[in-house]
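Below, chains carry the letters A, B, ... as their sequence lines are ordered, and counting in each starts from 1.
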Amino acid sequence: MTLLVTHTKYSLLETLRIPIVVVSVVVLPSLSFVFFALPNISDDALGATVSTAALSVFAAMLICLFQFGAGIAEERQSPWDPYQRTLPVRPWERLTGKLLVALPFVVVAVVPLLVLAWSTTNSDPGLLRVLAGLGLLVVGSLPLALIGVALGNALPSKAAIAVANLLLLPFAFLGGLFIPPEFLPDVVQTISPYVPTRGWLEIVLIGVTGQGGMNGTSSLALVCWAGWLVIGAVLALAAYRREESRYR
Amino acid sequence: MTEVLVRTEHVSRRFGAVVAVDDVTLDVHAGEVVGVLGPNGAGKSTLFAMLTGLRRPTSGRVELFGGDPTDARNRRGLGVTSQESGTPPMLRVREVVTFVAKHYPDPAPVDEILDRFDLGALARRQTGGLSGGQQRRLAVALAFVGRPRLVILDEPTTGLDVESRHGVWESIMASHEAGMTVLMSSHYLEEVERLAQRVVVLGAGRVIADDTVAAVQQMVDLKRIDLDTPTAPPLELVSRHERNGAHWTLWALDSDAFVRDLVRAETPYADLRVRSASLEDAFLSLTRDDVAARDEAARPNLPPARAGAPTMDEVPV
């Protein structure tokens with residue numbers, strides 16, 4: 001347990017020392033809020049809440065794909081990784097430490113969004129609902145977190161960054177993170193429930209609004225989210241096993 | 001008999017078609033300082049990787065403190081310096097040392113480690129900004145942070161300047177005197193001479209010699225002889241030779257005897273030069289792949305027959 005805390009703490013320290021990472025995680029979602037959401041929803045309380053939730057999911061997705069994907073891939077290439085394998089620490093303690101780092105980051109990314117939404121829109125879900133939303137944001141992140149871990153273990157860091165970038169836009173747009181799902185073009189609306197970010201958003205909205213999105217909750221999106229959870233778990237496990245077998 | 005901290009029994013490790021470690025049987029006892037010598041690719045690092053839990057053997061058994069080194073619990077008494085240094089570039093020196101200390105039940109105070117390895121002035125520097133030598137010193141220091149019973153050091157002083165090298169030597173000697181067991185590899189015979197009582201020579205993945213420093217020194221005490229001659233010189237005393245036109249390079253244990261043979265055979269020669277062969281040369285002649293050469297090299301390894309002690313032949317069956 002102490003080792004878990006140690007590994008989390010030092011991974012966090014390492015990331016915080018690269019200010020641009022912190023800045024991009026904080027700024028990108030808030031900037032997207034100002035550009036995409038604000039012009040359309042300043043009077044619409046539910047719309048504002050949905051948009052804030054959507055961009056929170058976007059922020060957490062950035063962390064999953066880049067912090068986990070690129071971060072793990074980078075560390076694998078450094079002699080620091082085999083060195084740590086000779087320390088008296090189990091592999092799962094190291095991996096869990098790396099994943100727990102995401103929690104403080106999510107807070108750092110989402111809090112400015114919440115402040116922005118609270119000060120510029122009529123959105124007011126109440127503290128309890130916001131906290132429920134944050135909790136569900138973490139639960140809903142699982143498929144993307146697992147995909148990030150899979151990327152990080154399967155690919156060299158440059159390739160992991162490229163694939164993360166490739167996934168970023170389609171997942172964000174198709175999942176309704178930039179434009180609320182209800183306003184997406186018909187074709188996109190048909191595809192939307194099948195991407196993992198849509199289900200993630202639906203899960204967060206259940207907590208934040210208590211009634212899901214503007215048209216309630218898409219149960220198809222939830223089913224697909226569960227499917228992605230399985231796919232993510234299988235991919236992450238396969239990539240992790242393969243990485244471990246390099247050392248066997 | 002003292003406690004065995006490291007034991008390998010007929011350990012082999014293959015990477016595809018390449019046999020990196022070939023049937024190695026080795027014990028390291030508590031309190032020993034054992035030097036592992038061998039040219040690049042001899043299997044030193046692969047052997048160490050198996051001892052430190054990084055890799056499993058393809059066949060054979062590896063034990064660390066009587067258990068499986070791939071189990072984290074069995075590595076609590078182990079400190080490691082790997083051949084390649086690398087620490088998170090964004091972390092400060094003190095943070096890296098503290099991070100490693102947290103893994104051990106009874107670590108040395110961080111300041112003590114920083115002082116011992118002359119890192120005190122660098123404590124607040126990010127490790128990415130350290131010079132190669134400073135990085136190496138940090139990597140060596142990390143092995144000692146947990147006050148381990150055993151340190152395994154893979155070429156600890158490669159890349160260090162003379163002064164730092166001597167500092168690391170002193171630290172290894174002091175730790176040994178305090179009861180620590182040391183298993184280290186090196187390219188430098190001088191280093192092993194200074195620190196170790198026992199030397200294991202690896203070549204092509206095998207143990208070619210496992211003996212006292214003095215005995216191994218004798219084995220690798222080769223001379224390199226260069227000369228120009230149109231006819232072949234006598235090769236009876238030569239362990240290896242290379243020919244480039246009329247220029248011959250020969251390696252022999254007894255260069256004086258070789259020169260006497262050369263003169264006696266009335267070989268015409270010019271430009272005769274004799275000098276000590278490099279360790280690399282010595283290893284090469286020790287690691288000649290034919291069995292005969294290995295047997296030849298192993299001969300000085302035989303323990304002197306003790307008066308009164310029964311030899312194998314005399315033991316009644």
Side-chain angles (χ1 to χ4, degrees), chain A residues 1-23 25 66-67 70-98 100-101 105 152 156-157 240-248, chain B residues 13 15 45 48-58 64-65 69-92 94-105 107 126-128 135-136 138-139 142-143 145-146 148 150-154:
Chain A
M1 195 60 207
T2 15
L3 277 183
L4 199 59
V5 175
T6 303
H7 277 259
T8 310
K9 182 181 152 193
Y10 283 87
S11 298
L12 181 64
L13 207 55
E14 234 175 290
T15 322
L16 289 179
R17 291 276 163 78
I18 313 172
I20 192 65
V21 174
V22 184
V23 170
V25 164
F66 288 96
Q67 172 81 23
I72 291 175
E74 219 156 89
E75 186 169 304
R76 275 194 313 127
Q77 286 166 324
S78 155
W80 185 239
D81 181 61
Y83 171 74
Q84 286 186 79
R85 289 167 185 272
T86 70
L87 289 173
V89 57
R90 296 178 185 85
W92 69 263
E93 287 173 306
R94 289 181 54 209
L95 181 64
T96 315
K98 274 182 219 151
L100 288 179
V101 177
F105 265 96
S157 69
Y240 181 73
R241 284 239 173 103
R242 183 173 150 258
E243 171 63 12
E244 289 300 304
S245 72
R246 286 204 319 150
Y247 284 95
R248 291 300 179 235
Chain B
R13 171 70 208 206
F15 295 103
S45 294
F48 283 5
M50 290 189 285
L51 299 178
T52 56
L54 270 177
R55 294 192 183 280
R56 288 182 206 279
T58 314
L64 180 71
F65 306 120
T70 61
D71 184 337
R73 280 169 303 186
N74 294 324
R75 297 195 298 264
R76 276 189 204 139
L78 172 71
V80 174
T81 297
S82 7
Q83 196 175 2
E84 260 187 292
S85 337
T87 44
M90 294 301 152
L91 292 186
R92 303 183 203 281
R94 171 183 293 279
E95 288 163 353
V96 172
V97 175
T98 310
F99 170 76
V100 172
K102 298 258 190 216
H103 290 79
Y104 293 93
Q126 293 189 342
T127 68
Q135 289 252 15
R136 198 65 198 144
L138 174 59
L142 293 181
V145 169
L150 165 73
V151 286
I152 295 185
L153 314 170
D154 199 354

message = For B:Ile152, which atoms come within 4.5 Å of any heavy atom of chain A: side chain, backbone, both, or neither?
response = neither
request  = Flag the pair B:Val96 / A:Trp80 as yes when at least one side-chain heavy-atom distance between them is below 4.5 Å, and no otherwise.
outcome  = yes
message = Taking the side chain as everything from C-beta on, heavy atoms only, tell me whether B:Thr87 gets closer than 4.5 Å to A:Tyr83.
response = no
ask   = Do you know the tightest heavy-atom contact between A:Pro79 and B:Gly86?
value = CG-CA, 4.0 Å
key: Which portion of A:Thr86 sits near chain B, non-hydrogen atoms under 4.5 angstrom   = both
task = Verify, without hydrogens or angle tests, whether B:Arg75 (side chain) and A:Leu87 (backbone) share a donor-acceptor contact under 3.5 angstrom.
result = yes
Contacting moiety of B:Thr81, where chain A heavy atoms sit under 4.5 Å = neither
message = For a quick test of reading the model, state the closest non-hydrogen atom pair linking A:Pro82 to B:Leu54 and the distance between them.
response = O-CD2, 3.5 Å
ask   = Which class fits the ring pair B:His103 and A:His7: parallel under 30°, tilted 30 to 60°, perpendicular over 60°?
value = perpendicular
key: From CA spacing to verdict: salt bridge (Lys or Arg N to Asp or Glu O under 4.0 Å), A:Arg17, B:Glu95   = CA-CA 13 Å; A:Arg17 291 276 163 78; B:Glu95 288 163 353; 2.7 Å; yes
CZ-OG1 distance between A:Arg85 and B:Thr70, expressed to the nearest 0.5 angstrom = 12.0 Å
ask   = Are more than 12 heavy atoms from other residues, nucleotides or ligands located less than 6.0 Å from atom CD of A:Glu93?
value = yes
key: Interface moiety of A:Glu75 toward chain B, non-hydrogen atoms closer than 4.5 Å   = neither
ask   = Is the closest side-chain heavy-atom distance between A:Ile18 and B:Met90 below 4.5 Å?
value = yes
request  = Evaluate whether atom CZ of B:Arg76 has more than 12 neighbouring non-hydrogen atoms of other residues, nucleotides or ligands under 6.0 angstrom away.
outcome  = no
inquiry  = When you compare the side chain of A:Gln84 with that of B:Phe99, does any pair of heavy atoms fall below 4.5 Å?
reply    = yes
Which portion of B:Gln126 sits near chain A, non-hydrogen atoms under 4.5 angstrom = side chain
Contacting region of B:Arg73 [heavy-atom separation from chain A under 4.5 Å] = side chain
remark   = Rounding to 0.5 Å, atoms OG (A:Ser245) and CZ (B:Arg56) come to a distance of 11.5 Å
